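Input: a single structure, listed below in structure tokens.
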There are 2 protein chains.
Amino acid sequence: MEFCNAVMGVGREERRLKAEGSVRPRQHIYKSGEARGQIVVLRDGWAIRFVLTPDGRRQVLSILLPGDIAGGEFLMRNEARVSVQALATPVSYCAFDIADLKEIAKRDPGLIWTFVGIEIAEHEASEALMVGLGRRNAEQRIARLVLDIYERLERRGLADGATIPFVLRQKTIADLLGLTQVHVSRVMTVMKEQGIMRLARGSLTILDMQALRDVA
Amino acid sequence: MEFCNAVMGVGREERRLKAEGSVRPRQHIYKSGEARGQIVVLRDGWAIRFVLTPDGRRQVLSILLPGDIAGGEFLMRNEARVSVQALATPVSYCAFDIADLKEIAKRDPGLIWTFVGIEIAEHEASEALMVGLGRRNAEQRIARLVLDIYERLERRGLADGATIPFVLRQKTIADLLGLTQVHVSRVMTVMKEQGIMRLARGSLTILDMQALRDVA
DNA sequence: CGGTTGGTTGATATTATTCAATGGTCGTGG
DNA sequence: CCACGACCATTGAATAATATCAACCAACCG
């Protein structure tokens with residue numbers, strides 16, 4: 001969002017730099033090792049950034065919601081370090097070539113500061129998740145995840161009261177929070193039974209915000 | 001290192017910008033919430049970046065070795081998000097005021113790219129640790145930590161063959177890797193018994209590099 | 001010395017994993 | 001329209017990994 005404006009504001013003639021793209025549910029936007037060389041801004045749909053360990057396990061690094069950015073890593077390297085994949089939703093995005101952005105940045109160093117800001121924010125989010133992985137139990141991690149997604153959607157005007165779209169599979173949550181799908185199921189079942197949240201056909205309602213915050 | 005050069009190379013008259021500092025073992029370099037407004041480059045000694053959770057637990061976010069940088073967060077905010085504290089060693093560092101750096105950056109946008117690079121590298125390191133926390137067992141995490149520190153010291157010429165200084169307490173390792181001190185003790189004892197490493201009076205020797213890599 | 005810090009060890013408890021079976025939902029092709 | 005397979009969630013039982021509690025020991029330092 002911010003980023004779109006930062007780039008688009010540079011000059012009218014630059015608009016051609018923006019390329020549109022879209023992928024179907026579950027399709028990759030780019031894969032680890034690929035030389036994509038573009039910064040991607042999600043317009044619609046949800047995606048994940050993740051890596052696969054040599055033994056086949058998956059660690060999800062972040063959930064991308066509309067307005068989020070991926071591919072900052074291309075600023076300093078050619079090959080993607082992580083993969084980015086659409087979730088159960090179709091995803092549309094716009095993409096900016098790194099080479100073009102660097103060209104613009106020569107004339108407008110403010111854009112580089114935007115990159116600094118983006119990376120610092122992402123770094124911060126990673127470290128927040130690290131605290132969760134290292135020092136919180138399954139219930140707390142799940143509660144925080146739900147709150148985090150709720151707040152991000154809310155800020156972007158994508159929440160309907162206490163109800164948000166929620167397209168994460170339990171396996172995805174597990175791979176983000178360092179748990180197993182089975183355990184995520186058990187914990188979420190309890191939270192539903194406690195009347196903290198309700199989950200139906202791709203949408204989640206927070207029934208007891210206070211209880212949720214208390215857990216988290 | 002890199003960063004020192006990037007800043008120092010800007011012009012001779014800028015050298016006055018660099019302030020020296022040092023703290024005793026276990027002292028804070030800065031604390032979460034403080035408005036320090038400086039980027040700190042470690043010259044000597046080890047430190048940790050960490051946060052405390054409301055319930056009193058600690059998550060170590062990274063280990064800082066000589067040459068490492070802290071305080072990049074001040075580029076975009078006034079108050080520290082994390083604390084930085086010396087380990088069992090005295091620490092000396094140099095510090096650069098953010099305000100001065102921003103002034104220099106106006107004349108030399110290359111410096112901003114340096115910031116981008118620093119943040120991307122740190123972000124990358126955080127995510128590597130996330131994978132460890134989320135998807136690896138205690139033995140693998142510890143093996144990777146030892147390898148990581150060994151390689152970083154080696155690169156900076158601070159290793160003596162397979163022997164490195166090693167000033168981490170088990171509690172610190174535990175708080176970094178999301179374990180308890182007791183469990184770290186147990187796992188490391190086994191690794192020592194297996195002849196993978198030896199640990200004596202603040203120095204660690206990797207006896208079987210291949211075995212260590214196999215575990216990690 | 002005596003106190004403090006850090007490491008080791010044992011017994012037990014908790015948390016989460018693994019394995020396996022079951023049922024629901026959804027899209028697709030016959 | 002139905003049957004089938006793919007994917008997802010739920011549940012139970014057994015197990016493994018790690019935490020917790022508590023005691024003890026060693027090194028170090030004033």
Side-chain angles (χ1 to χ4, degrees), chain A residues 24-27 46 48 53 55-60 85-90 132-143 145 166-194 197-204 215, chain B residues 24-27 46 48 53 55-60 85-90 132-143 145 166-194 197-204 215:
Chain A
R24 296 152 165 250
R26 266 142 233 301
Q27 257 195 329
W46 294 28
I48 50 173
T53 58
D55 59 333
R57 300 162 90 107
R58 181 176 71 158
Q59 176 67 45
V60 173
Q85 185 180 21
L87 287 175
T89 63
L133 291 175
R135 288 283 166 244
R136 286 192 247 265
N137 66 23
E139 196 187 14
Q140 295 171 317
R141 293 182 214 181
I142 291 175
L145 171 65
F166 195 85
V167 302
L168 297 178
R169 305 290 106 162
Q170 290 181 346
K171 181 64 163 66
T172 309
I173 298 175
D175 288 346
L176 175 69
L177 301 182
L179 304 166
T180 57
Q181 177 269 321
V182 173
H183 196 54
V184 170
S185 170
R186 289 192 221 276
V187 173
M188 290 191 75
T189 301
V190 171
M191 293 176 89
K192 284 184 254 172
E193 283 168 1
Q194 290 173 337
M197 60 175 78
R198 196 177 21 164
L199 194 45
R201 278 167 287 104
S203 86
L204 180 149
V215 173
Chain B
R24 296 151 165 253
R26 265 143 235 297
Q27 258 196 328
W46 295 28
I48 50 173
T53 59
D55 60 332
R57 302 162 89 108
R58 182 176 71 159
Q59 176 67 46
V60 173
Q85 186 180 21
L87 287 175
T89 62
L133 290 175
R135 288 284 165 243
R136 286 192 247 266
N137 67 21
E139 195 187 13
Q140 295 171 316
R141 293 182 213 180
I142 291 175
L145 171 65
F166 195 85
V167 303
L168 298 177
R169 305 290 105 162
Q170 290 181 347
K171 182 63 164 64
T172 309
I173 298 176
D175 287 347
L176 174 70
L177 301 182
L179 304 166
T180 58
Q181 176 269 321
V182 173
H183 197 56
V184 170
S185 169
R186 289 192 221 276
V187 173
M188 290 190 75
T189 300
V190 171
M191 293 175 89
K192 284 184 253 172
E193 283 169 1
Q194 290 173 337
M197 60 174 79
R198 196 175 21 161
L199 194 46
R201 277 166 290 107
S203 88
L204 181 150
V215 173

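Computed over heavy atoms, backbone and side chain alike; hydrogens, waters and symmetry mates excluded. Bear in mind that the values here come from a model prediction, so they are computed numbers and not experimental data. Naming: A, B, ... by sequence-line order, numbering from 1 per chain.
- Comparing C/dG6, C/dT17, D/dA19 by their nearest atom to the side chain of A/Thr180 picks out C/dT17.
- At distances below 3.5 Å, not a single donor-acceptor pair connects side-chain atoms of B/Ser185 with backbone N or O atoms of B/Gln181.
- For A/Gln181, whose side chain is taken as the heavy atoms from C-beta onward, the closest listed nucleotide among D/dA9, D/dT18, C/dC19 is D/dA9.
- Atom CG of B/Leu177 and atom C1' of D/dA17 are 15 Å apart (whole Å).
- Nucleic acid contact class of A/Arg141 (heavy atoms, under 4.0 Å, all strands): none.
- We find that CG of A/Leu199 is positioned 14 Å from P of C/dT25, with the value rounded to whole Å.
- Taking a cutoff of 4.0 Å between a charged side-chain nitrogen and a carboxylate oxygen, B/Arg135 and A/Asp175 qualify as a salt bridge.
- Closest-nucleotide positions on DNA chain D for B/Arg136 and A/Lys192 were compared, and the one nearer the 5' end corresponds to A/Lys192.
- The minimum heavy-atom distance linking A/Met191 with A/Ile142 is given by the pair SD-CG2, 4.0 Å.
- Between B/Arg26 and C/dG6 there is a side-chain N or O to OP1 or OP2 distance below 4.0 Å.
- The side chain of A/Lys171 places no N or O atom within less than 4.0 Å of a non-bridging phosphate oxygen (OP1 or OP2) of D/dT10.
- Applying the 4.0 Å criterion to OP1 and OP2 of D/dT10, one finds that A/Ser185 has a side-chain N or O inside that range.
- The side chain of A/Gln170 places an N or O atom within less than 4.0 Å of a non-bridging phosphate oxygen (OP1 or OP2) of D/dT10.
- With B/Arg141 contributing its side chain and B/Leu177 its backbone, the two residues share a donor-acceptor pair below 3.5 Å.
- For B/Arg186, taking side-chain heavy atoms from C-beta onward, the closest of the listed nucleotides D/dA19, C/dA16, D/dT11 is D/dA19.
- For A/Val182, the listed nucleotide lying nearest its side chain is C/dC19; candidates were D/dA9, C/dC19, D/dA22.
- In this structure, A/Leu133 places its CG atom 20 Å from P of D/dA17, rounding to the nearest Å.
- Judged by closest nucleotide on DNA chain C, B/Val184 is the one of B/Val184 and A/Arg57 placed further toward the 5' end.
- With rounding to whole Å, A/His183 atom NE2 is found 18 Å from D/dA16 atom P.
- One atom, CG of B/Leu179, and another, C1' of C/dA16, lie 14 Å apart when rounded to the nearest Å.
- Rounded to whole angstrom, the span from the CG atom of A/Leu168 across to the C1' atom of D/dC7 amounts to 16 Å.
- Side chain of A/Gln27 to backbone of A/Gln85: no donor-acceptor contact under 3.5 angstrom is found.
- The interatomic distance linking A/Ile142 (CD1) with C/dT15 (P) rounds to 14 Å, in whole Å.
- Residue A/Arg24 contributes atom CZ, which lies 14 Å from atom P of C/dG27 at whole-angstrom precision.
- B/Gly178 comes within 4.0 angstrom of sugar-phosphate atoms only, judged by non-hydrogen atoms across all strands, and of no base.
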